[in-house]
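Following: one structure in structure tokens, then a few remarks.
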Amino acid sequence: KGFTMEEMEVEKEVAQNSKGDFQAQLEESLKEFNAPQAGQLVDGTVVQVTNDYVYVDIGDKSEGLIPTEEFAGNLPKEGDKVQAYLSGYNANGPVLSKKKADSKRYLKEIQAAWKDKTPVDGTISKVVKSGYEVNLGIDRAAFLPISQADSEKIEKPESLLGLKSKFYIERLYSDNKLNPVVNRRKYLEEQIDTKREAFFANTQIGDTVKGTVKSFTSFGAFIDLGGFDGLLHINDMSWGHVARPKDFVKKGQEIELKVIRLDQDEKRINLSLKHFTEDPWIHFEEKYHLNDIVKGKVTKLTEFGAFVELEEGIEGLVHISEFSWTKKVNKPEDMVSVGQEVEAMILGYDIQEGRVSLGFKQATENPWEKISEKYPVGTKVKGKVVKVTNIGAFVSLEDGIDGFLHADDISWTKKVKHPGSELAVDQEVEVVVIECDPETHRIKVGIKQLTDNPWKAFAEEYKPGSTLEGEITSITDFGVFVKAPNGIEGLVNKANLSEEKDVPFEEAVTKYKVGDKINVFVVDVKVEKEQVAFSVREYKRKQQRDEISQYMSTSNDNDDGAFTLGDMIKSQKND
């Protein structure tokens, strides 16, 4: 109560000063409490850049230093904001690291990307066993399996080094340790699907698109349309014949193509080069007609014929049966070759199917139409043996015309078992035409017909019932062959070899050998079949009959009649 006004004013001022000191002290304490702690990410401002360090003010009492190499050549300027990792403090102030800050920040981003299944940026930095190392900006490199490194097979692993791309994180930790595994293929396939879907949504059949030739196959080329492929089939490269896709497009070449097929379900896109021009089949009937003789070039040979290009886009087939009137063609290459200019006749066509049937032989004269005039039966001609078979030989009468010489027509008297024993390829022979059939394209010739038929002379000289002396030429299981003096050969059947019926053939034949002279009886002669049957048994019987006849004749001259036929038979038995 005793305070004066002056004293009250002094007291009031002291109280206000005390309050101010407390506020300042509180603010200072809060400031110290909120100061950056070691292990935290801090934001700062660049205050100076030297050759070795970047000075950063993080709002503390002193500035931190970051080595310039941690900026990887991308140095900031004074006033730029940077984020750093505060490792702690030393006598010079805060210890900062941009590299660790980047790693911490990238790790958080990668953890979030792994959890949310979103892609992250990275760089393929090294080839390792079974894959690559990928730098994601963290302290530990990620592993990228080679099977997940691209959407296509990788021919050269080194080709991906240094590639910056996006990756999905397949695994982040292993055994509680940071051990990331990434997948680039999945990301690329998603991008491809997205681009392909956009292509199908915005493209119509008939549209013109641009692409790059990516790779080749035997049936065409794959075209990169921007991450996904379309097929340029070999048949769609040209209206004409295409032997090799590489003759029309080159790898890496950028080209324009027509879209001719879209199948979104199968993800197929068919492209064409030839559809930039008009289909030549539209005007086919204005230029070509049945039975026209046309010129073309052989483009392809197959086992069944040859393809001939009449013009670009119009190709016809000459079947192997239409190659020649006279020759049997086994291989098309024996007659024509690829690239050869030829003439052919149009035998038929189908515009809808794009097919033309051609014939080589129809463009030439058919020699069989006048063959009967040139080679009538009885014509003698010289030729060369071109082929020998088991039953005969083919003799060339002229180019493309062969006559067939059967083994039975080589000799009148010799039994030719194999024509090769009498004839050889390229041997010159003289033959006579014995048959000519233009319709079946067959001519038969013979050598034996050049001389008279000895069988006729034999039949006139040796009637059935006559006898002769011959020579054994062979002994078989069914009889003995005997050659007559004029070369005609006949058979003594095994049943007719022995005069005694009870004597078996195996026993009777032991009396004979090849080369022996033997008397035989002529049983039958067939001139047309060139066959004659002999018999030893009948020869013996004839001999007996002749003896009896001779005796009877003698007996008639002698009236005594004391010696009878029975006596003679009895006498022979006694002998």
Side-chain angles (χ1 to χ4, degrees), residues 36-44 54 56 58 64 66-76 80-88 94-197 226-228:
Q37 303 296 313
Q40 289 184 344
L41 293 177
V42 295
D43 293 322
V54 174
V56 179
I58 60 172
I66 301 175
T68 54
E69 62 262 20
E70 291 194 18
F71 289 87
N74 188 22
L75 291 175
D80 286 351
K81 298 293 185 181
V82 296
Q83 190 176 56
Y85 177 78
L86 179 60
S87 299
V95 179
L96 303 177
S97 172
K98 180 180 181 301
K99 184 176 181 180
K100 290 183 179 180
D102 290 343
S103 294
K104 292 286 186 181
R105 184 176 66 253
Y106 288 153
L107 182 58
K108 288 182 179 179
E109 292 176 356
I110 288 170
Q111 288 173 329
W114 175 46
K115 182 179 180 180
D116 299 337
K117 295 182 173 17
T118 57
V120 297
D121 292 318
T123 303
I124 298 176
S125 58
K126 183 179 180 181
V127 177
V128 295
K129 183 179 180 180
S130 302
Y132 301 90
E133 283 188 0
V134 178
N135 182 5
L136 299 180
I138 57 178
D139 291 336
R140 185 178 295 275
F143 175 65
L144 171 63
I146 194 167
S147 61
Q148 307 302 321
D150 206 339
S151 58
E152 297 181 353
K153 183 178 179 180
I154 300 172
E155 299 295 339
K156 296 180 179 180
E158 296 78 9
S159 63
L160 297 185
L161 287 178
L163 178 67
K164 294 182 178 180
S165 180
K166 288 186 178 293
F167 304 84
Y168 277 105
I169 300 173
E170 296 286 346
R171 187 181 71 196
L172 193 57
Y173 294 98
S174 176
D175 296 331
N176 295 322
K177 294 181 181 180
L178 183 64
N179 192 17
V181 177
V182 295
N183 187 331
R184 178 172 177 259
R185 178 177 179 173
K186 181 179 179 181
Y187 172 77
L188 293 178
E189 288 178 346
E190 286 182 355
Q191 297 302 304
I192 290 171
D193 288 342
T194 300
K195 292 178 180 179
R196 186 186 290 111
E197 288 174 5
F228 57 95

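Model, not experiment: these values are computed from the prediction.
The side-chain contact (heavy atoms from CB on, under 4.5 Å) test applied to Gln83 returns Leu41, Asp43, Arg105, not counting sequence neighbours.
Here NZ of Lys104 is found 5.0 Å from OH of Tyr85. Values are rounded to the nearest 0.5 Å. From Arg171, atom CZ reaches atom CZ of Phe143 across 9.5 Å, with rounding to the nearest 0.5 Å. Annotation: the span from Ile192 atom CD1 to Tyr187 atom OH amounts to 11.0 Å, rounded to 0.5 Å. Atom CG in Leu160 sits 5.0 Å away from atom CD1 in Ile124 (nearest 0.5 Å). Atom CD in Glu70 sits 8.5 Å away from atom NZ in Lys100 (nearest 0.5 Å). Here the CZ atom belonging to Phe228 is positioned 10.5 Å from the CD atom belonging to Glu197, to the nearest 0.5 angstrom.
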Q: Check step by step if side-chain contact (heavy atoms from CB on, under 4.5 Å) holds for Glu109 and Trp114.
A: CA-CA 9 Å; Glu109 292 176 356; Trp114 175 46; over 6 Å; no

Q: Report the C-alpha separation of Thr68 and Leu75 in whole Å, then their side-chain angles, then the decisive distance to 0.1 Å, and conclude whether the side-chain contact (heavy atoms from CB on, under 4.5 Å) test is met.
A: CA-CA 7 Å; Thr68 54; Leu75 291 175; 3.8 Å; yes

Q) For Val182 and Glu170, what are the C-alpha separation, side-chain angles and deciding distance, and is it a side-chain contact (heavy atoms from CB on, under 4.5 Å)? A) CA-CA 5 Å; Val182 295; Glu170 296 286 346; over 6 Å; no

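Considering every non-hydrogen atom in both Ile146 and Pro157, the closest pair reads CD1-CG, 4.2 Å. Closest heavy-atom contact between Ala149 and Arg184: O-NH1, 2.7 Å. Contact record, Leu96 with Gly64: CD1-CA, 3.6 Å, taken as the closest heavy-atom pair. Across all non-hydrogen atoms, the minimal contact from Pro94 to Leu86 is CB-CD1, 3.5 Å. Shortest non-hydrogen contact noted between Gly122 and Leu136 is CA-CD2, 3.8 Å. Annotation for Ala84 and Ile66: closest pair CB-CD1, 3.9 Å, computed over non-hydrogen atoms.
At a threshold of 4.5 Å between non-hydrogen side-chain atoms, the residues Val54 and Val82 do not count as touching. Annotation: side chain of Asp193 is in contact with side chain of Arg196 (closest heavy-atom distance under 4.5 Å). Put simply, the side chain of Lys98 reaches to within 4.5 Å of the side chain of Phe71, judged on heavy atoms. A heavy-atom distance below 4.5 Å is not found between the side chains of Val56 and Val42.
Tested against Phe167 for a side-chain contact (heavy atoms from CB on, under 4.5 Å), the candidates Asn183, Leu144, Asp121 yield a single pass: Leu144.
A cation-pi contact links Lys186 to Tyr168, judged by a cut-off of 6.0 Å to the six-membered ring centre and 45° from its axis.
We find that Arg185 and Glu189 are joined by a salt bridge, their nearest charged nitrogen and carboxylate oxygen being less than 4.0 Å apart.
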